[in-house]
Amino acid sequence: MPDPDKPMYKLRTKMSRIYLIAACMALLAIAGIGCNASSDAPAQSSPDEPVAEDSAFNTAIGFTVTMDPGERLPQLQPEPQITDQEFEQGLPEAVVSVPDTVDPATNQPPFFIGLQNVTVEAGEMVSILFDPEDPEGDLPGMFIEKLPQGATFDDNFDGTKTFNWQPLQMDVGILRLTAVAIDPDDQSYLTTQAVLVKVTEAEDPASIPNVAPSLDPVRVFTARAGDPVVFELKGIDLNGSIPTIEIPALPDGASFNQHPRFEEIFVLKFIPTQAGELSIDVLLRDSTDPSLTANETITLNVSDDVSLQRDGERLKTLAQSRSVLIGFAALQSFYHQPDGALYASIAGQEFNVVTPENSMKMDTINPLPGRYQFAATDNLIAYAQHTDMQVRGHPLLWHRQLPDWVLETPIEDLESVMTQHINVLLDRYGNDVAFWDVVNEPINEDGSMRESIWFESMGESYIDKSLSQVRAMLPDSVLLINEFDIGMAGPKFDGLMQLLDRLQSRGTPVDAVGFQMHVFSSYDQFNELRANFQAVVDRGLDIHITELDVSLADGNASLQDQASVYEQIVSICLEFSQCRVIQMWGFTDQYSFRSIFDPLPFDRAYQSKPVYQALQSALSATP
Ligand code: XIL
C-alpha cells in the first residue's frame, strides 16, 4: 500500500469513495444492491489497519512491510475436533480397503483384537496392545499412521506391538490413533482401525514431568550471499510453556529478537557473506526450569550470483516483445522466509504480473465478521509496485477457503455478505489491481453450475451481480471467470461456454476467461486447448492463463517432457492476440501447492529447469 500520509494517496482514497457512491447508485439500477458498504469498510483508524513491521523481522528490500496489529485473529476451520460423544460411542469402525486382485470371500481381511478407546491423565503412561489377526491364520504386518510426539510403537516379538506414551499438558484432548493391519497374502489389502485416546487434565499438575523443549523443524533453504536472511524460530514445549531461544554464536552483524506479535517466535536476521553451507547452533531453554535445555542446528545453503545466473533474456523482456504479460502467484509473506530476498529478486527480474496465492482469499483477509487481515495483500502490492508488476486480484468469489462465519451465514443474508466483501476489497485495492478473478470455479465437471453457497443463495445471478458490481466500481479493470480443467474438450468447457452465452445475452460484463491449467506432464490435448481458446475469442473475450503448472506425472516423466508441455501451451497462447497473460502458480518448486510433483520452472535451490529454457524459446519464436 502507498504511504497513507501522502497527500496523493489521501486524494485517491477520497476520490475512490466518491466514486464508490456513484458506482453504488448505478448498481442500484443494475442489480438492486444497497449502498451502505463503503461506510462499513474499515477506515484508516480501524483496529485492523496494519502497522509498520520492524525490518529486523523480514527480508524485504525496497518495499515497506506492514503487519496486522494486535492479537492473531483466531484460526478458523480448525482440525475437526473429536467430541466426547464420539468417544463414548466406543471404538470407531474399522475400514477395509480391498484391492481388485482380492476376493474377500476366499481371503478375509485382517483385524485387530481386544482394542477399545482409552482414557489417560496427562503425565501418566498409557500402553495399548495391538494384536492383529488374519482369519486365514497367518501373521499380518502393521504400522501406526502417525505417532504423537514422544510415543513409541514397540515390537513384542510375538506378532503384537505396544503403543507406549506419556501424554503431557499440550496433549489434553482426544487423539485419534490410527493403526493399519496388512494382509499377509497381499500388501495392499489393509484394515485401518482407529483408537481414541482421551487425555484429561492432571489432578496434580506437579506430578507431570517437565520435558526439554524442542525446535519446530526448519527445512533446508537456499539463500544468496549478500542478501538478508530471516529465520523464524519457534520453540515447542509439550508442557505448554513457551521456551526461550538463544543463538550461542550469532553470525556477524546478526540481530535476534522475540517476535513483536507471537511470543513463541524468535527471529534471527543476518546477511551471509560467503557461498557454502552454513550451520547455526540453536539453544532452547525451558521457561520453568532454565537448566533444562536442548541443542539443535539449522542449516542454510548459500549460493552466489554466478551460480544463479541464467543465460538468455529474462522472461518478461521476451514476453513484452510478444505483447503478453508473464507472471506468477506469490507465496503469502515470502519476505518472512529465509530465502525471501532471493525469491523476491528472481521474481522481480523475470515477471511483470503477480497474483496473491492466498492472502486475498476470504478466510485469510476477512476471518471474522467485520475483521480484516490486510497486511499480506498490502505488502504484496507494495512489492508489485516496487518491481513494476501488475496485480491480479484473486478470487473475489469462490466456494473454497471461506471463513466459518460465512459458511454459517443464513442463505438469505449471503448477497449482502458478497456485496460487502467486494466493496471492501475494491475500495482498498481497486486502484492497484488490473485484473480480477471475480468468480472462481463456478462449473462442475459435468458442465452444470457448481452449488456453492453463493449459487445456493442467489442462483446463477450471483455471477451477474458480482461482475456488474465490479464493473460499476472499476470500469477499467479486466473481469474474469476463472476455471480449472478447461484445457480440453468436454462437458465442463461446454458448460462454461453456455454460462458465458447466458451472461452475454443478459448484458452482464465479462472480459476474459481464466484458464487455470494445473496439468500433468502427460497432458497432450493441445488441439482441444487451441479450439477452446478459439471458442473464447469467438465470444469477443480475452484469454488469460492464470495458474499454469505442469506436474511430473510419474517416475518416468522427464524434465524435458515437462518443458515441452509448457512450451506448447505458451506457443498456443501466442497464436491468439487475445491471449494476454500467462501466469504460473508459483515459480519455484520450493513453494508450489503441488511441490511433490516439482511442477515449476525453478527448482528448490532457484536453479532454472528445462522449463525455463522452454519458456524462453516459446516466447522468442518467430510469430
Ligand atoms: C491453492 C493454494 O495454492 C494453496 O496454497 C491453498 O492451500 C489452496 O489453494 N485453484 C485456485 C487457487 O484458484 O486459488 C488454488 O490455490 C489452486 C487451485
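All ligand and atom numbering here is 1-based and tracks the order in the structure. These numbers come from the heavy atoms of this one structure, side chains and all, not from hydrogens, waters or symmetry mates. What you see is a predicted model; the values in this text were computed from it and never measured.
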Protein heavy atom at shortest distance from atom 10 (N) of ligand 1: E547 OE1, 3.0 Å

No-hydrogen, no-angle side-chain donor-acceptor test under 3.5 Å, E547 and H518: yes

Contact with ligand 1 for Q332, non-hydrogen, under 4.0 angstrom: no

Basic-acidic side-chain contact under 4.0 Å: E350, R310: yes

Minimum-distance protein heavy atom relative to atom 6 (C) of ligand 1: N358 OD1, 3.4 Å

Nearest non-hydrogen protein atom, atom 8 (C) of ligand 1: Q401 OE1, 3.2 Å

Protein residue, atom and distance nearest to atom 2 (C) of ligand 1, heavy-atom basis: E357 OE2, 3.3 Å

Polar contact flag, side-chain donor to acceptor under 3.5 angstrom, N379-E53: no

With H259 via ring-ring contact (aromatic ring centres under 6.0 Å, His included) - residues at least two apart: F57, F262

Aromatic centroids of F351 and F587 separated by under 6.0 Å: yes

Nearest-neighbour protein heavy atom for atom 16 (O) of ligand 1, which is reported as residue plus atom name and distance: K361 NZ, 3.1 Å

Geometric N/O contact H394 with ligand 1, under 3.5 angstrom: yes

Proximity to ligand 1 by part of F484, non-hydrogen separation under 4.0 Å: neither

Donor-acceptor pair between R392 and T546 side chains, under 3.5 angstrom: no

Check: K492 side chain, F484 main-chain N or O, donor-acceptor pair, under 3.5 Å: yes

Shortest protein contact, atom 17 (C) of ligand 1 (heavy atom only): F593 CE1, 3.5 Å

Ligand-residue contact atoms, ligand 1 with N440, heavy atoms, under 4.0 Å: 11 (C), 13 (O)

Parallel, tilted or perpendicular: rings of Y523 and F526 (30°, 60°): perpendicular

Heteroatom proximity flag, R400 to ligand 1, N/O under 3.5 Å: no

